[in-house]
Amino acid sequence: MSSSFAKELEVAQLAVQRATILTKRVFHNSAKGTVSKDDASPVTVGDFGAQALIIAALQANFPGDKIVAEEESDTLRSNAALRDQIWDLVRTTALDDAAAEALLGGAVKDADAMLDLIGLGNSKGGASGRIWAIDPIDGTKGFLRGGQYAVCLALMVDGDVKVGVLGCPNLPVDDAAPLTADIGTDQTDEGGSRGVIFSAVLGQGASSRPLGTGALAEGKPIAMKPITEMAAASFCESVEAGHSNQGESAQIAQKLGITRPSVRMDSQAKYGSIARGAGDIYLRLPTSKTYQEKIWDHAAGDLIVREAGGQVTDTTGSRLDFSVGRTLAANRGVIAAPAAVHGQVLKAVQEVLGQAAS
Ligand SMILES: Nc1ncnc2c1ncn2[C@@H]1O[C@H](COP(=O)(O)OS(=O)(=O)O)[C@@H](OP(=O)(O)O)[C@H]1O
Ligand SMILES: [Mg+2]
Ligand SMILES: [Mg+2]
Ligand SMILES: [Mg+2]
């Protein structure tokens with residue numbers, strides 16, 4: 001097996017691109033087929049459809065690999081109306097490039113095959129072998145609100161993230177565009193100014209490219225912006241107050257001398273935004289003692305930021321550990337910043353959280 005991961009990267013980018021196109025169709029439709037999961041969080045036909053298409057592409061190319069994906073197929077087996085809505089989306093979404101579509105294995109056979117594919121994302125994860133992590137729609141609440149969301153795919157080998165891809169249909173194509181969660185009033189984006197894919201391979205840097213609809217557009221290398229003056233730095237955090245402690249992040253910003261208010265943005269679009277220098281720092285501070293972050297919420301973004309010159313740790317200063325199962329059970333919160341200032345940010349975090357390293 002080649003260690004360059006060229007095929008994995010190509011398949012992952014095209015799979016994310018195709019799944020993102022499916023989610024855009026749902027985003028622009030007022031009927032999103034939303035149901036509430038056991039933990040009261042929402043899932044839509046877009047989440048299920050995107051997961052089916054990504055797993056189909058992985059199965060066609062890497063049938064022996066394991067998959068950790070967010071959504072489960074159980075509820076769909078007893079909800080024929082929802083299943084049919086998803087199947088309508090899945091069977092009618094394709095890339096408009098025949099070679100790319102062929103590489104992804106073409107169309108899914110039927111609705112039952114689609115349910116089986118969705119169900120393949122049930123691996124327990126762990127420290128050995130090849131495991132893909134999928135978040136078919138990260139930031140479902142943002143997706144429903146008309147804000148930012150991301151389609152996320154990462155490959156881990158023996159617990160280490162090797163390939164990461166994020167599809168962010170509502171971020172500007174322009175890497176230099178200022179950081180804002182606003183997607184503007186033009187929800188149709190006829191000018192094509194929004195929609196970007198971020199990717200990284202371990203040791204090979206990070207890049208961005210326009211989302212597109214067929215063959216992959218050319219990528220450009222991205223890098224984090226060096227922070228010359230903390231006062232002018234921008235930091236981003238979750239929109240949902242239940243996902244990150246926004247009171248503590250405001251205190252941390254104050255301690256660092258950051259004067260600008262945070263940019264609140266849903267999903268791993270935050271990782272992509274700081275990786276390309278549109279923003280500087282991403283803070284995610286635990287809101288509960290029991291919530292464990294999910295690997296699919298961080299794997300791709302962690303690699304993309306690190307390959308762009310950033311450092312990503314939890315609030316204790318430990319690297320995110322993707323080798324312990326479906327969750328980041330060994331970590332608490334996330335601090336992502338340019339490597340040169342990460343220590344300074346972490347110190348402020350620990351002072352505010354009252355857990356300075358001893
Ligand atoms: N309690 C709690 N604490 C921390 N994180 C949580 C919590 N509950 C959920 N989640 C996960 O947050 C994912 C959404 O990402 P963000 O929090 O960055 O975006 S948002 O601004 O809150 O929408 C979201 O991902 P999706 O479910 O894919 O949307 C969740 O996995
Ligand atoms: Mg998520
Ligand atoms: Mg999700
Ligand atoms: Mg979810």
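Owing to the predicted nature of the structure, the values given are computational and were not obtained by experimental measurement. Below, all heavy atoms of this structure are taken into account, side chains as well, without hydrogens, waters or symmetry copies. Just so you know, ligand 1 is whichever comes first in the structure, and atom 1 is the first atom listed for that ligand.
With ring centers used as reference points, F198 lies 6.0 Å or more from Y271.
When all heavy atoms of A299 and Q268 are compared, the closest pair comes out as N-OE1, 4.5 Å. Across V161 and A154, no two heavy atoms sit closer than the pair CG1-CB, 4.1 Å.
From the protein, the heavy atom lying nearest to atom 25 (O) of ligand 1 is D138 OD1, 3.2 Å. When only non-hydrogen protein atoms are considered, atom 17 (O) of ligand 1 lies nearest to H243 ND1, 2.7 Å. Closest to atom 20 (S) of ligand 1 among all protein heavy atoms lies D266 OD1, 3.4 Å. When hydrogens are left out, the protein atom nearest atom 27 (O) of ligand 1 is E70 OE2, 3.1 Å; that is the closest non-hydrogen contact. Ranking protein heavy atoms by distance to atom 21 (O) of ligand 1, first place goes to V239 N, 2.6 Å.
In this structure, Q204 contributes its side chain and S4 its backbone to a donor-acceptor pair below 3.5 Å.
The heavy atom nearest to atom 29 (O) of ligand 1, considering only D135, T140, V334, is found in T140. The option from R284, E240, Q148 that lies nearest to atom 12 (O) of ligand 1, judged by heavy atoms, is R284. Proximity annotation for atom 4 (C) of ligand 1: of W296, Y291, Y282, Y291 comes nearest, heavy atoms only.
Inter-residue side-chain proximity for F48 and M114 is flagged as unmet; no heavy-atom pair is nearer than 4.5 Å. Side-chain contact between R91 and V108 is absent, with no heavy atoms from C-beta onward closer than 4.5 Å. Contact check for L346 versus Q311: no side-chain heavy atoms found under the 4.5 Å cut-off. Side-chain contact between K270 and I274 is absent, with no heavy atoms from C-beta onward closer than 4.5 Å. Contact of the S262 side chain with the Q246 side chain is not registered, since no non-hydrogen atoms from C-beta on lie closer than 4.5 Å.
No heavy atom of R264 sits closer than 4.0 Å to any atom of ligand 1. Not close to ligand 1: S288, with no non-hydrogen atom less than 4.0 angstrom away. Under a 4.0 angstrom heavy-atom cut-off, S267 registers as being in contact with ligand 1. Using a non-hydrogen distance threshold of 4.0 Å, E237 does not register as a contact of ligand 1.
One finds no salt bridge joining K37 and E72 here, because no Lys/Arg side-chain nitrogen approaches an Asp/Glu carboxylate oxygen to under 4.0 Å. Using a 4.0 Å cut-off between charged side-chain N and carboxylate O, D321 and R319 make no salt bridge. Comment: D116 engages R77 in a salt bridge, judged by a side-chain N to carboxylate O separation of less than 4.0 angstrom. Ion pairing between a basic and an acidic side chain is recognised when a charged N comes within 4.0 Å of a carboxylate O; D266 and R145 show such pairing. Here E70 does not pair with K294 in a salt bridge; the nearest charged N to carboxylate O distance is not below 4.0 Å.
Taking every non-hydrogen atom of E293 and a distance limit under 4.0 Å, the qualifying atoms of ligand 1 come out as 4 (C), 5 (N). Remark: ligand 1 atoms within the under-4.0 Å shell around heavy atoms of M265 are 21 (O). Remark: ligand 1 atoms within the under-4.0 Å shell around heavy atoms of G139 are 25 (O), 26 (P), 28 (O), 29 (O). Using a 4.0 Å cut-off to heavy atoms of G242, the atoms of ligand 1 that qualify are 1 (N), 2 (C), 3 (N).
Between Y149 and F143, the ring planes are perpendicular. Angles over 60° get that label, and only those under 30° would be called parallel.
Protein contacts to the Mg ion (ligand 4) involving N, O or S atoms at a distance below 2.8 Å are E70 OE2.
Note: no N/O pair closer than 3.5 Å links R145 and ligand 1 by distance alone. Checking only distances, G142 never comes within under 3.5 Å of ligand 1, N or O to N or O. At a 3.5 angstrom cut-off on N or O pairs, T287 does not count as close to ligand 1.
Using a 4.0 Å cut-off between heavy atoms, D47 makes no contact with ligand 1 at all. Under 4.0 Å from ligand 1, the heavy atoms of D297 that appear belong solely to its side chain. For K270, every heavy-atom contact with ligand 1 shorter than 4.0 Å involves the side chain, none the backbone.
Put simply, the residue from I54, L53, I55 that forms a side chain to side chain contact (heavy atoms under 4.5 Å, CB included) with Q51 is I55.
Inspection of the S238 and R284 side chains reveals an N or O donor paired with an N or O acceptor under 3.5 Å.
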